[in-house]
Protein chains: 2
Amino acid sequence: MNIKVTIYDVAREAGVGIGTVSRVLNNHPSVTPETRKLVKDVLVRLNYQPHTYAQRLAKRHSETISAIIPFFSTYFFVEVLRGVQDKISQTGYDLVLYGVNDPQQVDSYIIRALDRGRVDGILFFSMQLPDHIVPRLRETATPIVLVDSSSPDFDSISVANAEGAYVATNHLIELGYESVGMIGANPTSNPAAQRLAGFRRAIESHNITFDESIVRRGTSSRLDGFNREAGYQAMTEFLEDGSEMPKAFFVSSDVQAIGALDALNEHGLEVPKDVALVGFDDIELARHVRLTTMRQPMYQMGALAVERLLARMGDPALEILHTTFSPTLIIRESCGAILRSRITSGK
Amino acid sequence: MNIKVTIYDVAREAGVGIGTVSRVLNNHPSVTPETRKLVKDVLVRLNYQPHTYAQRLAKRHSETISAIIPFFSTYFFVEVLRGVQDKISQTGYDLVLYGVNDPQQVDSYIIRALDRGRVDGILFFSMQLPDHIVPRLRETATPIVLVDSSSPDFDSISVANAEGAYVATNHLIELGYESVGMIGANPTSNPAAQRLAGFRRAIESHNITFDESIVRRGTSSRLDGFNREAGYQAMTEFLEDGSEMPKAFFVSSDVQAIGALDALNEHGLEVPKDVALVGFDDIELARHVRLTTMRQPMYQMGALAVERLLARMGDPALEILHTTFSPTLIIRESCGAILRSRITSGK
DNA sequence: CTGAAAGCGCTAACAC
DNA sequence: GTGTTAGCGCTTTCAG
């Protein structure tokens with residue numbers, strides 16, 4: 001019958017006031033060891049459970065962190081979320097998930113999270129923070145950290161997208177490919193735009209002229225174009241429009257690379273023999289399709305995001321911090337590096 | 001300045017009582033259109049946001065559903081969770097996630113969810129409901145639905161594991177494989193045990209004697225053995241223990257099959273030429289490694305679970321329902337069926 | 001150290 | 001219809 005035991009019941013049963021019960025509940029120092037023990041006994045005997053919402057109302061905070069996240073589109077989020085969850089589960093906080101399927105939801109979710117007291121902090125993923133939200137976030141002083149996204153006004157954790165794209169493209173060029181193309185994503189997405197910039201810089205630093213026709217993207221705008229169909233479409237376009245096609249590609253994301261791979265296969269082309277590919281993310285699949293790619297430390301990003309958020313919740317005056325991880329080049333077979341080294345070494 | 005506007009502020013500003021404000025907030029019918037409009041205007045002008053926890057305390061329910069789930073181990077959960085999330089986002093409910101990394105956490109999470117008022121309903125995934133929890137669940141009359149797990153006492157959504165394993169194994173046998181082995185998972189896990197039973201039934205229904213040595217499992221008990229390492233280990237054992245090995249295998253899950261595939265490759269064996277494999281789940285990866293497998297309708301299971309939970313929350317007297325989905329055989333290349341048909345048809 | 005009392009912000013029953 | 005009031009269960013002064 002724990003169905004409704006309140007601190008009043010406990011207090012009566014223990015012959016003390018509710019204040020005292022509350023004090024032992026909150027480990028307040030000024031309670032005699034004896035009364036403390038007395039109350040504690042009654043607490044367990046009655047199987048008392050605190051009413052979370054009453055506590056939250058009285059305490060003015062919720063012990064809750066909400067994550068606003070483009071929902072489970074890709075493995076990237078799954079990994080990041082694992083980091084988040086692992087970290088949070090070490091604290092007493094609750095994690096409430098707002099999965100965004102439609103950009104329109106972002107607003108209402110943030111507003112909801114902004115309800116005074118509803119959450120103590122927000123983790124905001126991979127999306128552009130709506131402009132009109134920024135002032136409200138400031139006014140309400142809601143702690144927030146952006147992951148895979150950024151804004152000068154708030155803490156953020158991200159990946160050096162441009163740098164990663166540069167490294168990937170460079171790798172291809174140094175492998176000897178004279179023309180390398182790119183399969184991009186929706187340029188309104190920050191990571192997508194940055195990856196494009198990195199690609200371009202790599203191209204130009206090798207004195208190759210950057211020609212618009214060398215980068216394509218599918219029309220599917222779902223998830224900013226970071227999806228298989230978009231990759232498939234873009235590669236198909238390259239394959240079928242008649243003009244000469246690069247023999248190597250930097251692809252904005254692994255999922256897209258998978259789509260490109262499918263398109264290539266359908267056209268009887270082999271990777272890396274006929275076409276070389278380098279992706280971005282290092283999702284689980286990448287390893288199995290032997291995709292060379294830029295690895296992002298997803299799990300760590302999630303874990304760090306929580307740490308940072310907790311820190312900011314603890315001290316709102318903290319300096320704003322922007323952390324950037326550098327992606328690492330993971331060489332597998334799709335880029336042709338291994339093939340080449342075999343040839344070179346005469347194997 | 002929405003920082004602290006309460007219904008009192010709104011009431012004063014609108015020149016009405018707080019009761020009236022509350023009424024328009026809750027769309028109570030007995031408010032004149034005029035006052036309603038008046039109040040609504042003030043509401044938006046002051047940018048009023050309700051305090052969630054105060055509402056929950058007063059209303060005695062939380063508009064919250066919690067999901068207790070073995071965390072993000074596999075793609076299976078990601079998909080199921082997508083179904084859950086999509087469905088929930090159509091309602092006003094919050095989803096709070098309790099990711100279980102260590103079985104010990106289950107208890108504390110359930111207890112937490114049982115706090116009076118903390119959640120309106122629980123979704124419990126893929127784990128055995130601890131026995132001592134059952135009576136408490138009943139007493140507190142907390143709505144709960146089990147997914148990929150079951151108990152006579154509560155609603156459940158699951159998959160016909162035994163049947164699926166039977167179909168998979170049978171498929172292999174009918175393809176002409178005379179001995180087929182199995183890579184199992186931890187038999188303390190319900191799905192694992194059921195899949196083993198289905199396998200066994202298939203074997204015996206073809207008058208093949210079932211020999212213990214024909215099923216192996218890795219020692220990694222993480223996630224009940226449904227992980228890549230376990231599959232890798234089990235297959236390696238088959239390969240290296242000297243005795244003769246089956247040429248076809250039913251593997252308890254796709255992730256394990258991936259591991260088995262890796263082991264096979266390392267030993268220079270090709271699938272399906274040398275060894276045939278059928279998995280279970282149809283995770284995203286399966287398609288790309290051309291794995292024949294039993295598909296579970298993961299997304300639907302999640303969505304249905306939410307529907308059922310909502311229904312039960314609406315009417316606790318509802319008949320307890322156990323829904324079982326039948327997995328479908330998805331034929332790809334790993335089982336050798338396509339290879340064979342080519343040979344047969346002379347291509 | 002501890003009891004009593006005043007909120008926390010909202011809902012709902014009760015009068016008018 | 002609408003204002004007033006009494007909770008919801010807990011935390012936190014404030015006396016003593």
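First the proteins, then the strands, lettered A, B, ... as listed; each starts at 1. No hydrogens, no waters, no symmetry mates; every other heavy atom, side chains included, goes into these values.
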Peer 1: Five pairs per end, C1' atoms only: what is the angle between the end axes of the helix from C/dC1-D/dG16 to C/dC16-D/dG1, to 10 degrees?
Peer 2: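 Angle reported: 40°, given to the nearest ten degrees.
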Peer 1: Is a side-chain N or O of B/Ser149 found less than 3.5 angstrom from the main chain of B/Leu146, in a donor-acceptor match?
Peer 2: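 Checked: no pair found.
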Peer 1: Under 3.5 Å, is there a donor on one side chain and an acceptor on the other for B/Thr323 and B/Arg308?
Peer 2: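 B/Thr323 vs B/Arg308: donor-acceptor pair found between side chains.
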Peer 1: Between the side chains of A/Lys87 and A/Glu307, is the shortest nitrogen-to-carboxylate-oxygen separation below 4.0 Å, so that they form an ion pair?
Peer 2: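 Answer for the salt bridge query: yes.
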Peer 1: Would the distance check show the side chain of B/Arg12 and the main-chain N or O of B/Ile7 forming a donor-acceptor pair, the cut-off being under 3.5 Å?
Peer 2: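 Here the side-chain-to-backbone pair does not exist.
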Peer 1: Atom CD1 of A/Ile7 and atom C1' of D/dT11: how far apart are they, to the nearest Å?
Peer 2: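 It is 8 Å, rounded to the nearest whole Å.
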Peer 1: Would you check if the side chain of A/Ser151 reaches a backbone N or O of A/Asp153 as a donor-acceptor pair within less than 3.5 Å?
Peer 2: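 Pair found, side chain donor or acceptor close to backbone of A/Asp153.
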Peer 1: Within residues 18-28 of chain A, which residues have any heavy atom lying less than 4.0 Å from an atom of DNA chain C?
Peer 2: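 Per residue number, the list reads A/Ile18, A/Thr20, A/Arg23.
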Peer 1: Are any of the side-chain nitrogens in B/Asp41 or B/Arg36 under 4.0 Å away from the carboxylate oxygens of its partner?
Peer 2: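 Salt bridge flag = no for B/Arg36 with B/Asp41.
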Peer 1: Just checking, is any N or O donor in the side chain of B/Thr64 or B/Asp120 under 3.5 Å from an acceptor N or O on the other one?
Peer 2: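 There is no such pair between these side chains.
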Peer 1: Over 60° means perpendicular and under 30° means parallel, so tell me whether A/Tyr53 and B/Tyr53 are parallel, tilted or perpendicular.
Peer 2: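 If you compare the ring of A/Tyr53 with that of B/Tyr53, the planes turn out parallel.
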Peer 1: Using a strict threshold of under 4.0 Å (side-chain N to carboxylate O), is an ion pair present between B/Arg82 and B/Glu79?
Peer 2: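 Looking at B/Arg82 together with B/Glu79, the answer is yes, because their closest N to O distance falls below 4.0 Å.
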Peer 1: Go nucleotide by nucleotide along DNA chain D from the 5' end; which of B/Val16 and B/Lys59 gets its closest nucleotide reached first?
Peer 2: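 That would be B/Val16.
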Peer 1: May I have the distance from B/Tyr8 (atom OH) to C/dT11 (atom P), rounded to whole angstrom?
Peer 2: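 So the two atoms are 11 Å apart, to the nearest Å.
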Peer 1: Among residues 29-44 of chain A, which ones have heavy-atom contacts with DNA chain D below 4.0 Å?
Peer 2: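 Residues of residues 29-44 of chain A under 4.0 Å from DNA chain D: none.
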Peer 1: Under a plain distance cut-off of 3.5 Å, with no hydrogens placed, do B/Asp86 and B/Tyr299 share a side-chain donor-acceptor pair?
Peer 2: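 A donor-acceptor contact under 3.5 Å links the two side chains.
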Peer 1: Without decimals, in angstroms, what is the distance between B/His61 NE2 and C/dC10 C1'?
Peer 2: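 Interatomic distance, NE2 of B/His61 to C1' of C/dC10: 12 Å.
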Peer 1: Strictly distance-based, threshold 3.5 Å: is any side-chain N or O of B/Asp9 a donor or acceptor partner for the main-chain N or O of B/Thr6?
Peer 2: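 A pair under 3.5 Å: yes.
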Peer 1: Atom CZ of A/Arg60 and atom C1' of C/dC10: how far apart are they, to the nearest Å?
Peer 2: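 Rounding to the nearest Å, CZ of A/Arg60 and C1' of C/dC10 are 14 Å apart.
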Peer 1: Roughly, in whole Å, what's the span from NE2 in A/His51 to C1' in D/dC10?
Peer 2: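 After rounding, the reported distance stands at 9 Å.
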Peer 1: I want to check one thing: is the phosphate of D/dT11, taken as OP1 and OP2, less than 4.0 Å away from some side-chain N or O of A/Gln55?
Peer 2: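 So the side chain of A/Gln55 is within the cut-off, an N or O lying under 4.0 Å from OP1 or OP2 of D/dT11.
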